[in-house]
Amino acid sequence: MIDNILNTKKINYSSNLTGENLMQKIGGIFEKNNSSFVGKFTSQNEFEIYDKWTFIKWYVPNFKRRTAYLIGEILESGKGTLIKINIKPNPVISIFPILTILIGVITLLVAYSNNDSLIFGLIIIAVGTLFYLSGMLLINRLRNNFKKYLDLKKV
């Protein structure tokens, strides 16, 4: 339930390629600059991919700037290769809607008699909902681009 609230997805994909061939194909994508994402291998069987779009343009130390992140692990099995991925939006995009909707609901509860505060609370809830939907769009964009480049099938 917390994964759904924070817009985090855990998905397994299968590939007909061997583990070594799949790692070479992923490495080839990392070396190209014409894809919509960039990434790197973090260990022998694990990789990290993030969208080229940035949430914040300027550099802030220890702050994630990309819009969506995908962490994957390649596992070989008898029937082919399995890729376990964990995909999530920028932490700001996943936490901001929760806080905004919470503030909007509190504003609505406090302002049951004042129409100006009622409208303000509804606007805050609408903004939080739009941020949540944009987080869904960003993770789906990254996941679909990753799946398209590697020709994967969902398990």
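Side chains included, hydrogens not; waters and symmetry mates left out as well; all remaining heavy atoms used.
Enclosure of atom NZ in Lys84 is not indicated, since only 12 or fewer non-hydrogen atoms of other residues, nucleotides or ligands lie within 6.0 angstrom.
With a 4.5 Å cut-off on side-chain heavy atoms, Leu137 and Leu133 do not count as touching. Two residues are said to be in side-chain contact when any heavy atoms from C-beta on lie closer than 4.5 Å; Ser94 and Thr8 fail this criterion. Side-chain contact between Leu108 and Leu118 is present, with heavy atoms from C-beta onward closer than 4.5 Å. Side-chain contact check for Asn45 versus Met23: some heavy-atom pair is nearer than 4.5 Å. Taking the side chain as every heavy atom from C-beta outward, Thr100 and Phe131 never approach each other to under 4.5 Å.
Between Val92 and Pro97, the shortest heavy-atom contact is O-CD, 4.1 Å. Nearest approach of Thr107 to Phe120, heavy atoms of both residues: CG2-CD2, 4.0 Å. Here the closest non-hydrogen pair linking Ile93 and Ser134 is CG2-OG, 4.2 Å.
Residue Lys147 holds its NZ atom at 13.5 Å from OG of Ser15, rounded to the nearest 0.5 Å. Distance check: Leu17 CG to Lys25 NZ gives 5.5 Å after rounding to the nearest 0.5 Å. One distance of note links CG of Leu138 with CG of Asn90; it measures 9.0 Å at 0.5 Å rounding. Interatomic distance, CD1 of Ile83 versus CD of Glu46, reported as 12.5 Å (0.5 Å rounding). The distance from atom CD1 of Ile49 to atom CZ of Arg143, rounded to the nearest 0.5 Å, is 13.5 Å. Interatomic distance, CG of Asn16 versus CG of Leu22, reported as 10.5 Å (0.5 Å rounding).
A continuous path of ILVMFWY side-chain contacts below 4.5 Å connects Ile29 to Ile87, so both sit in one hydrophobic cluster. Linking ILVMFWY residues whenever their side-chain heavy atoms come closer than 4.5 Å, directly or via other members, places Leu122 and Ile101 in the same cluster. Hydrophobic clustering places Ile26 together with Ile85 (ILVMFWY residues linked when any side-chain heavy atoms are closer than 4.5 Å, directly or through intermediates). Hydrophobic cluster membership is shared by Leu70 and Tyr149, with clusters built from Ile, Leu, Val, Met, Phe, Trp and Tyr side chains linked at under 4.5 angstrom. Linking ILVMFWY side-chain heavy atoms closer than 4.5 Å, directly or via other members, places Ile139 and Tyr13 in a single hydrophobic cluster.
Side chain of Thr81 to backbone of Gly19: a donor-acceptor contact under 3.5 angstrom is found.
The aromatic rings of Phe41 and Phe47 sit perpendicular to each other, their planes meeting at more than 60°, with 30° as the lower class boundary.
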